[in-house]
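Take a look at the structure below.
Numbering starts at 1 and runs along the sequence shown.
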Amino acid sequence: MSSAIVLQQMGVIVILVAIGIYVYKRKIVDNNVSQKISTIVMDICNPALILSSILSGNVSAIHEDLIIAVVLGAIFYLGLMLLGFVLPIILRVEKDKRRFYNLMTVYTNVGFIGIPVARAILPPKAILYVIVCNVMYCLLFYTHGIIVLSNGKEKMNLKNVLSPGTIMAVLSLVVCWFKFTPPPIISNSITYVGNATVFLSMMLLGVSIARSSVGKGFKDIRIWGYIILRLVLLPIGMFFILRAMGCDELTVLGFSLMAMMPVGNLPLIQSEKIGEDTETLSTAITVTTVVSMVTITILMIAFTAVLAK
């Protein structure tokens with residue numbers, strides 16, 4: 001994969017995001033419509049994209065690849081949970097807001113943004129690592145995430161772990177393991193639904209940016225500290241660690257890309273649900289999402305250039 005391809009594909013993503021900003025400004029899509037489309041993307045299109053990526057036949061992973069991906073994914077998220085505890089202390093975040101930065105560190109947008117971006121700029125086989133990260137994310141958020149957010153007051157909600165995204169991601173790993181091939185009418189239907197994901201999710205990202213007060217967030221120095229440590233230095237560190245471990249190019253790029261994702265929406269949704277102040281999370285989501293379009297482009301071009309030597 002060349003740097004030119006990364007730049008070209010990220011340019012496409014920026015255009016799709018710009019369309020989202022346009023349709024919101026022109027009042028073609030309002031908050032109510034975007035919420036309904038988000039549900040379609042999260043519960044139908046994104047899960048279909050995950051499964052269609054496996055059914056395409058381009059993910060030629062052997063059992064050893066799957067095992068390695070799951071082990072690396074588990075280590076990655078264990079590391080993030082540790083970093084989530086340490087990073088707020090490094091940034092000197094107020095004690096009452098540290099749990100938010102903890103969640104921001106662990107639960108980035110590996111699904112809503114991560115899946116379509118990976119699909120756009122990485123070879124098909126790399127989707128395996130994206131799927132693993134999404135499984136880990138869902139399993140942890142409704143256990144570890146709920147406990148962190150509530151300071152131990154809320155219990156683990158195992159029922160919510162079984163979301164459409166989690167079920168489809170696990171099913172995709174099972175299909176990949178057993179090399180199951182459904183009838184064409186099923187696989188083609190799943191592919192058509194999944195293909196809608198990239199445009200819809202990037203358009204909704206533009207809508208989210210258009211309705212947010214980006215200017216205020218850009219003045220928060222702690223968010224910039226978070227961006228440098230979490231969205232820049234962590235992916236760089238992961239890139240060189242995975243290379244030193246002897247991982248292949250797709251493994252290195254797949255996990256490095258997942259480490260670049262901006263703050264995810266689930267912590268915000270859960271915070272609103274239990275009546276918490278969501279200003280810190282909403283501001284961080286907006287700023288990191290905008291900045292990540294630049295950091296992802298620069299880092300992926302740099303990583304690709306290094307691997308090409």
Side-chain angles (χ1 to χ4, degrees), residues 10 72-114 117-118 129-130 133-134 136-137 140-141 144-145 148-149 205 209 212 214-245 247 252-268 271 278-304 306:
M10 288 304 296
L72 289 176
I75 294 172
F76 175 43
Y77 271 91
L78 284 173
L80 287 182
M81 286 191 287
L82 177 61
L83 182 61
F85 177 77
V86 175
L87 189 142
I89 299 174
I90 296 174
L91 295 177
R92 297 183 179 180
V93 178
E94 298 92 332
K95 288 187 176 181
D96 62 325
K97 293 183 179 180
R98 286 183 182 179
R99 56 201 167 108
F100 297 127
Y101 274 80
N102 188 334
L103 294 175
M104 286 160 48
T105 302
V106 182
Y107 303 104
T108 51
N109 214 327
V110 294
F112 195 80
I113 297 177
V117 169
Y129 309 107
V130 181
C133 286
N134 276 272
M136 297 293 176
Y137 180 105
L140 285 173
F141 182 77
H144 165 269
V148 170
L149 181 60
L205 179 55
I209 292 171
S212 303
V214 181
K216 180 180 177 182
F218 273 103
K219 298 176 184 178
D220 191 331
I221 192 168
R222 284 194 177 89
I223 290 181
W224 281 105
Y226 169 88
I227 289 171
I228 292 171
L229 293 173
R230 178 63 180 81
L231 303 189
V232 178
L233 295 183
L234 177 65
I236 292 174
M238 173 162 285
F239 175 81
F240 286 106
I241 289 171
L242 290 175
R243 283 196 74 201
M245 291 171 60
C247 295
V252 173
L253 290 178
F255 278 110
S256 296
L257 178 62
M258 290 301 96
M260 301 176 200
M261 291 298 113
V263 177
N265 295 329
L266 264 185
L268 174 64
S271 295
T278 60
E279 182 179 359
T280 299
L281 289 171
S282 60
T283 301
I285 289 170
T286 303
V287 175
T288 58
T289 298
V290 173
V291 174
S292 69
M293 294 295 102
V294 177
T295 56
I296 289 172
T297 304
I298 293 174
L299 289 176
M300 288 302 290
I301 289 175
F303 291 168
T304 301
V306 170

Apply the side chain to side chain contact (heavy atoms under 4.5 Å, CB included) test between P262 and each candidate in T286, T288, T108; give the one that qualifies.
-> T288

With side chains defined as the heavy atoms from C-beta onward, is the minimum distance between V287 and V263 less than 4.5 Å?
-> no

What class does the angle between the rings of F255 and F76 fall in, given that below 30° is parallel, 30 to 60° is tilted and above 60° is perpendicular?
-> perpendicular

Side chains of residues 81-95: which donor-acceptor partners sit under 3.5 Å, not counting sequence neighbours?
none

Counterpart residues, ring-ring contact (aromatic ring centres under 6.0 Å, His included), relative to F100 (two or more places apart) | none

Audit row: L234, L80, side-chain contact (heavy atoms from CB on, under 4.5 Å) steps and yes/no = CA-CA 10 Å; L234 177 65; L80 287 182; 3.6 Å; yes

L253 side chain reached by Y129 side chain, heavy atoms, under 4.5 Å = no

To the nearest 0.5 Å, tell me how far K219 NZ sits from T283 OG1.
-> 12.0 Å

Please identify each residue that fulfils side chain to side chain contact (heavy atoms under 4.5 Å, CB included) with M136, with sequence neighbours left out.
-> V70, A74, Y77, V132

Could you tell me which non-hydrogen atom of V110 sits nearest to which non-hydrogen atom of N134, and how far apart they are?
-> O-ND2, 3.2 Å

Sorted by chain and residue number, the side chain to side chain contact (heavy atoms under 4.5 Å, CB included) partners of N102 (sequence neighbours excluded) come out as V106, H144, V148

What pairs with F303 under ring-ring contact (aromatic ring centres under 6.0 Å, His included), at least two apart in sequence or on another chain?
-> F239

State, with a plain yes or no, whether a side-chain heavy atom of I298 is found less than 4.5 Å away from one of V232.
-> no

Shortest non-hydrogen contact between M258 and A118, atoms and distance = CE-CB, 4.3 Å

Where is the tightest heavy-atom contact between A259 and M238, given as atom of each residue plus distance?
-> CB-SD, 4.1 Å

Give the intermediate values and the outcome of side-chain contact (heavy atoms from CB on, under 4.5 Å) for residues V290 and F218.
-> CA-CA 10 Å; V290 173; F218 273 103; 4.0 Å; yes

Please report the C-alpha distance between M104 and I285 in whole Å, then the side-chain angles of each, then the deciding distance to 0.1 Å, and finally whether the side-chain contact (heavy atoms from CB on, under 4.5 Å) criterion is met.
-> CA-CA 9 Å; M104 286 160 48; I285 289 170; over 6 Å; no

Does the side chain of I236 reach to within under 4.5 Å of the side chain of S256, using non-hydrogen atoms?
-> no

Mind listing the closest non-hydrogen atom pair of R230 and P235 along with its distance?
-> O-CD, 3.4 Å

Rounded to the nearest 0.5 Å, what separation is found between the CG atom of L231 and the CD1 atom of I296?
-> 8.0 Å

Residues that Y137 engages under ring-ring contact (aromatic ring centres under 6.0 Å, His included), provided they are two or more places apart = Y107

If you measure from CG on L229 to OH on Y101, what distance do you get to the nearest 0.5 Å?
-> 11.0 Å

Separation between CG of L149 and CZ of R99, rounded to the nearest 0.5 Å | 6.0 Å

What heavy-atom pair brings M260 and L299 nearest, and what distance separates the two atoms?
-> CE-CB, 3.7 Å

Spacing of OG1 belonging to T280 relative to CZ belonging to R98, to within rounding of 0.5 Å | 13.5 Å

